[in-house]
Amino acid sequence: MDKEVSMKKLRKNIEKVQTAKRLEHTMGVEYTAACLAMKYGVSLTDARVAGLLHDCAKCMTDEELLKACKKNHYDPSAFEKRNPFILHGRVGAFLAKSEYGIEQEDILNAIAFHTTGRRNMSVLEKIIFIADYIEPGRNKAAHLEEIRKLAFEDLDAALIRILEDTLVYLKNSEGEIDPMTEITWKYYTNQL
């Protein structure tokens, strides 16, 4: 009962800081993360909290994100300085701790690395990374239906496929690639 009350409070707080469109995405990630958590034996509450908070810093400006990094003694990489929007995961983890009282390292890491992934991710981290990509409101990514199915069959295979598709998309669109995305992809493809 207490957990449900706190989930309601958390949702109300998120509703105050996100646009309607962002909130719809956030609810989709919470829902998808909960489904994946049930499939893979992860705490349903942890998955829902991480899903709700994964984009809690998404509506911040680049300047606000960089300022929050400085305040929290995080030195952004050269890529992050050139592309501050990518910092919303890191800053989201800072906010989850300071503003929402989240102490669990696994939840904080799931929020911090939901855009790039990292080596040796926990199951919860993988769930949030994947849920962000496949939630029901998403409809433009390549191979989306295949990845949605794969996510409920083999979490690591879905993770690798998302990373591959992301790298292909960025290369084809001449977008700059965060080195952490490539590091994550290499790490997991070498695990096979």
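Hydrogens, waters and symmetry mates play no part in the numbers below; they use all other heavy atoms, side chains included.
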ask   = Taking it one step at a time, do His54 and Ile128 satisfy side-chain contact (heavy atoms from CB on, under 4.5 Å)?
value = CA-CA 8 Å; His54 85 285; Ile128 299 304; 4.0 Å; yes
Just verifying a value: how many Å separate [X] [atom1] and [Y] [atom2], rounded to the nearest 0.5 Å?
X      : Y      : atom1 : atom2 : value
Asp132 : Thr32  : CG    : OG1   : 9.5 Å
Asp178 : Arg82  : CG    : CZ    : 9.5 Å
Tyr31  : Leu36  : OH    : CG    : 10.5 Å
His143 : Leu150 : NE2   : CG    : 12.0 Å
Thr26  : Gln18  : OG1   : CD    : 3.5 Å
Ile107 : Ser43  : CD1   : OG    : 7.0 Å

query = Can Glu176 and Asn83 be said to form a side chain to side chain donor-acceptor pair (under 3.5 Å), step by step?
reply = CA-CA 9 Å; Glu176 189 174 4; Asn83 303 278; 3.0 Å; yes
Please check: side-chain N/O of [X] versus main-chain N/O of [Y], any donor-acceptor pairing under 3.5 Å?
X      : Y      : value
Gln191 : Tyr188 : no
Glu135 : Glu30  : no
Arg161 : Asp156 : no
Arg90  : Ala112 : no
Arg22  : Lys58  : no
Asn72  : Ala68  : yes
Asn190 : Lys186 : yes
Thr184 : Arg118 : yes

Report yes if the side chains of [X] and [Y] come closer than 4.5 Å at any heavy-atom pair, otherwise no.
X      : Y      : answer
Arg48  : Thr45  : no
Tyr133 : Leu144 : yes
Thr166 : Trp185 : no

request  = Run the salt-bridge test on Glu24 and Lys21 with the 4.0 Å N-O cut-off and return the result as yes or no.
outcome  =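 No, Glu24 and Lys21 are not salt-bridged.
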Looking only at heavy atoms, which two atoms of [X] and [Y] are closest? And how far apart?
X      : Y      : value
Ala142 : Asp165 : O-OD2, 3.3 Å
Ile130 : Leu159 : CD1-N, 3.9 Å
Ala93  : Ile111 : N-CG2, 3.5 Å
Leu53  : Ala96  : CD1-CB, 3.9 Å
Leu10  : Tyr100 : CD1-CD2, 3.5 Å
Pro76  : Leu66  : CG-CD2, 4.2 Å

Find out if a path of hydrophobic residues (ILVMFWY) with successive side-chain heavy-atom gaps under 4.5 Å connects [X] to [Y].
X      : Y      : value
Phe94  : Met180 : no
Ile147 : Tyr40  : yes
Ile14  : Leu108 : yes
Leu87  : Ile102 : no
Phe113 : Leu95  : no

task = Check the pair Lys70, Asp75 against salt bridge (charged side-chain N to carboxylate O under 4.0 Å, His left out), reporting the backbone distance first and the verdict last.
result = CA-CA 7 Å; Lys70 187 173 184 175; Asp75 185 24; over 6 Å; no
Atom [atom1] of residue position [X] - does it have more than 12 heavy atoms of other residues, nucleotides or ligands inside 6.0 Å?
X      : atom1 : result
Glu15  : CD    : yes
Glu146 : CD    : yes
Phe152 : CZ    : yes
Lys71  : NZ    : no

query = Can Glu64 and Lys67 be said to form a salt bridge (charged side-chain N to carboxylate O under 4.0 Å, His left out), step by step?
reply = CA-CA 5 Å; Glu64 290 170 329; Lys67 189 175 179 181; over 6 Å; no
inquiry  = Please determine whether side chain to side chain donor-acceptor pair (under 3.5 Å) holds for the pair Ser122 and Asp106, giving the CA-CA distance in whole Å, both sets of side-chain angles, and the decisive distance to 0.1 Å.
reply    = CA-CA 7 Å; Ser122 71; Asp106 200 21; 2.4 Å; yes
inquiry  = Within the 3.5 Å criterion, strictly below it, is a donor on Glu80 or Tyr74 matched to an acceptor on the partner's side chain?
reply    =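 Tyr74 and Glu80 do have a side-chain donor-acceptor pair below 3.5 Å.
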ask   = Checking side-chain contact (heavy atoms from CB on, under 4.5 Å) for the pair Thr19/Leu23: CA distance, chi angles, key distance, verdict?
value = CA-CA 6 Å; Thr19 64; Leu23 185 61; over 6 Å; no
ask   = Please walk me through it: do Ile134 and Arg138 pass side-chain contact (heavy atoms from CB on, under 4.5 Å)?
value = CA-CA 6 Å; Ile134 68 167; Arg138 298 280 198 195; over 6 Å; no
key: Steps toward side-chain contact (heavy atoms from CB on, under 4.5 Å) verdict (His114, Asp55)   = CA-CA 9 Å; His114 80 270; Asp55 271 354; 3.1 Å; yes
query = Stepwise, does the salt bridge (charged side-chain N to carboxylate O under 4.0 Å, His left out) test hold for Lys149 with Glu153?
reply = CA-CA 7 Å; Lys149 184 174 185 271; Glu153 295 170 354; 3.0 Å; yes
key: Derivation and outcome, side chain to side chain donor-acceptor pair (under 3.5 Å), residues Tyr187 and Glu182   = CA-CA 8 Å; Tyr187 176 84; Glu182 284 189 309; over 6 Å; no
